[in-house]
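Chain identifiers are assigned alphabetically (A, B, ...) following the order of the sequence lines, protein sequences preceding nucleic acid strands; residue numbering begins at 1 within each chain.
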Protein chains: 2
Amino acid sequence: MPTSTRFAVAVHILTALAVGDGKPMRSDALAYSANTSPVVIRGLLSRLSDAGLTRSQLGAGGGSMLARPAKKIKLLEVYQAVEDTELFSLHRTPPCENCAVGGNILEAMNPTLMRARESLENELAKVTIADIASEVARLGKFTMPLVW
Amino acid sequence: MPTSTRFAVAVHILTALAVGDGKPMRSDALAYSANTSPVVIRGLLSRLSDAGLTRSQLGAGGGSMLARPAKKIKLLEVYQAVEDTELFSLHRTPPCENCAVGGNILEAMNPTLMRARESLENELAKVTIADIASEVARLGKFTMPLVW
DNA sequence: CAAAATGTAATTGTGTCAATTACATACTAT
DNA sequence: ATAGTATGTAATTGACACAATTACATTTTG
């Protein structure tokens, strides 16, 4: 039960904004770095902005910026901002209601699936965009802010 | 992404086998309970059998059975037996290698994604098919073994 | 040997995602 | 003001995974 690629690309976007010097970045620059199209980037930025993580500046010299310090943006927020689907998909068509197993299996599994999901989310809540950005800087042997 | 319903249905299958009296269950009976088709069930049983969780008996009076006591089957094993895709999908096309962020983002995110995945898997490893089966029996107000 | 059941290949329909095209909208800079 | 720039978003297309279905070979029971 995979996530879409949106989460990875959204983290990429936010990290790029975080390592920069705060000047707005255009969607085509982000698209180049993430190797996708500017429209896909703008679609993600739209969700991130709805979630209060970024804001955008129209017009010449415009682009997108973090709406908050990178240290205050948890990966969990990014995940929730861009992922639509439930982590665990259940039966495509509901199981037989009158069956001993079919009628109760969903309720029986639910607590376990909840715990598994929460456990994953707790890990994503421990890490911030600032953490990822400084790791990227370490691996790439550069210091922030990076002027593009 | 269209996420797979295989995990939920596989747990359903194994739970149905667990609450039964040990006699082989046919794929069409399982399909009826899970509200899907016998071919889908047999496809899942094929994976579960490869993983050593079930075995099947051909011919008249045949069907599928647990290959091990339900108490010895962890949900994690079921998950790994039937799910193909990585939990976190990365960029569809790899990010720009020469970019400061693109060249390092995957490696930078990897430890966090690993921890999140392991954390989810740990939760699934804590629960067995026997746990689910007895919860189903409790909710359905019947006692095991259930003769179909 | 006939019937029953699994095992699996091939086809089809559905849905999601991402790439693309196109255009409206809003803002900046001169 | 206005020309240019950038975002925002709708619509279309292609690719792909999943599951439902059809069909049939294989194996085993009775």
Side-chain angles (χ1 to χ4, degrees), chain A residues 1-10 12-13 17 23-32 34-51 53-65 67 82-95 148, chain B residues 1-10 12-13 17 23-32 34-51 53-65 67 82-95 148:
Chain A
M1 32 207 82
T3 60
S4 69
T5 66
R6 287 194 293 268
F7 177 53
V9 178
H12 186 139
I13 290 173
L17 299 179
K23 279 217 286 280
M25 268 189 85
R26 289 196 315 266
S27 61
D28 59 353
L30 293 166
Y32 177 79
N35 199 6
T36 179
S37 83
V39 180
V40 169
I41 297 292
R42 291 204 291 270
L44 289 169
L45 282 168
S46 176
R47 292 171 185 249
L48 294 173
S49 140
D50 287 347
L53 306 182
T54 61
R55 54 204 172 78
S56 293
Q57 186 68 49
L58 288 174
S64 296
M65 295 154 287
V82 300
E83 289 295 337
D84 301 324
T85 62
E86 289 292 324
L87 187 55
F88 292 102
S89 320
L90 302 178
H91 301 53
R92 180 182 277 194
T93 59
W148 293 64
Chain B
M1 273 236 173
T3 65
S4 152
T5 66
R6 287 195 293 269
F7 177 55
V9 177
H12 187 140
I13 290 173
L17 299 178
K23 279 218 285 282
M25 269 189 86
R26 289 195 314 267
S27 61
D28 60 352
L30 293 166
Y32 177 78
N35 199 6
T36 178
S37 83
V39 181
V40 169
I41 298 292
R42 292 204 289 271
L44 288 170
L45 282 168
S46 176
R47 292 172 185 250
L48 294 173
S49 144
D50 287 347
L53 305 183
T54 61
R55 54 205 172 78
S56 293
Q57 184 69 49
L58 287 175
S64 295
M65 295 155 286
V82 300
E83 288 295 339
D84 301 323
T85 60
E86 290 291 327
L87 186 57
F88 292 103
S89 319
L90 302 178
H91 303 51
R92 179 182 276 194
T93 58
W148 293 64

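- The CZ-C1' distance, from R6(A) to dC17(C), rounds to 7 Å in whole Å.
- One atom, CG of L44(B), and another, P of dT8(C), lie 13 Å apart when rounded to the nearest Å.
- In this structure, CZ of F7(B) is placed 14 Å from P of dA19(D), rounded to the nearest angstrom.
- Nucleotide dT5(D) holds its C1' atom 17 Å from the CE atom of M25(A), rounded to whole Å.
- Between S4(B) and E83(B) the shortest heavy-atom distance is OG-OE2, 3.3 Å.
- Closest of all the heavy-atom pairs between R47(A) and V82(A) is NH1-O, 3.4 Å.
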Pick out the pairs of N or O atoms, protein on one side and nucleotides 20-28 of chain D on the other, that lie under 3.5 Å.
from: dA20(D); atom 1: OP2; to: T36(B); atom 2: OG1; distance (Å): 2.2

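- OP1 and OP2 of dA5(C) both lie 4.0 Å or more from every side-chain N or O belonging to S56(B).
- In this structure, I41(A) atom CD1 and dT9(D) atom P are separated by 16 Å, rounded to whole Å.
- Nearest heavy-atom pair, H12(A) versus P95(B), reported as atom, atom and distance to 0.1 Å: CE1-CB, 3.7 Å.
- Distance, D84(B) CG to dC16(D) P: 16 Å, rounded to whole Å.
- S46(B) has a side-chain polar atom (N or O) that falls below the 4.0 Å cut-off from OP1 or OP2 of dT8(C).
- Contact detail for T54(B) and L45(B): the closest heavy-atom pair is OG1-O, 3.7 Å.
- Over its full length, the helix from dC1(C)-dG30(D) to dT30(C)-dA1(D) turns its helical axis through 20°, comparing axes from the five pairs at each end and rounding to 10°.
- Pairs engaging residues 23-32 of chain B under the salt bridge (Lys or Arg N to Asp or Glu O under 4.0 Å) rule: D21(B)-K23(B), R26(B)-D28(B) [sequence neighbours left out].
- Of the candidates L30(A), V39(A), T36(A), V9(A), L44(A) forms a side-chain contact (heavy atoms from CB on, under 4.5 Å) with just one, namely V9(A).
- Look at S27(B) and you'll find a side-chain N or O under 4.0 angstrom from OP1 or OP2 of dT6(C).
- Put simply, the side chain of M25(A) does not reach to within 4.5 Å of the side chain of S64(A), judged on heavy atoms.
- Residue contacts shown for G43(B) are absent, as no nucleic acid heavy atom lies under 4.0 Å away.
- Look at T85(B) and you won't find any side-chain N or O under 4.0 angstrom from OP1 or OP2 of dA17(D).
- Annotation for A31(B) and P38(B): closest pair CB-N, 3.5 Å, computed over non-hydrogen atoms.
- Counting all heavy atoms, side chain and backbone alike, R42(B) lies closest to S27(B) at NH1-OG, 3.0 Å.
- Y32(A) has its OH atom 18 Å from the P atom of dA6(D), to the nearest Å.
- The phosphate of dT6(C) has neither OP1 nor OP2 within less than 4.0 Å of any side-chain N or O from R26(B).
- In this entry the distance linking NZ of K23(B) with P of dA5(C) reads 14 Å, nearest Å.
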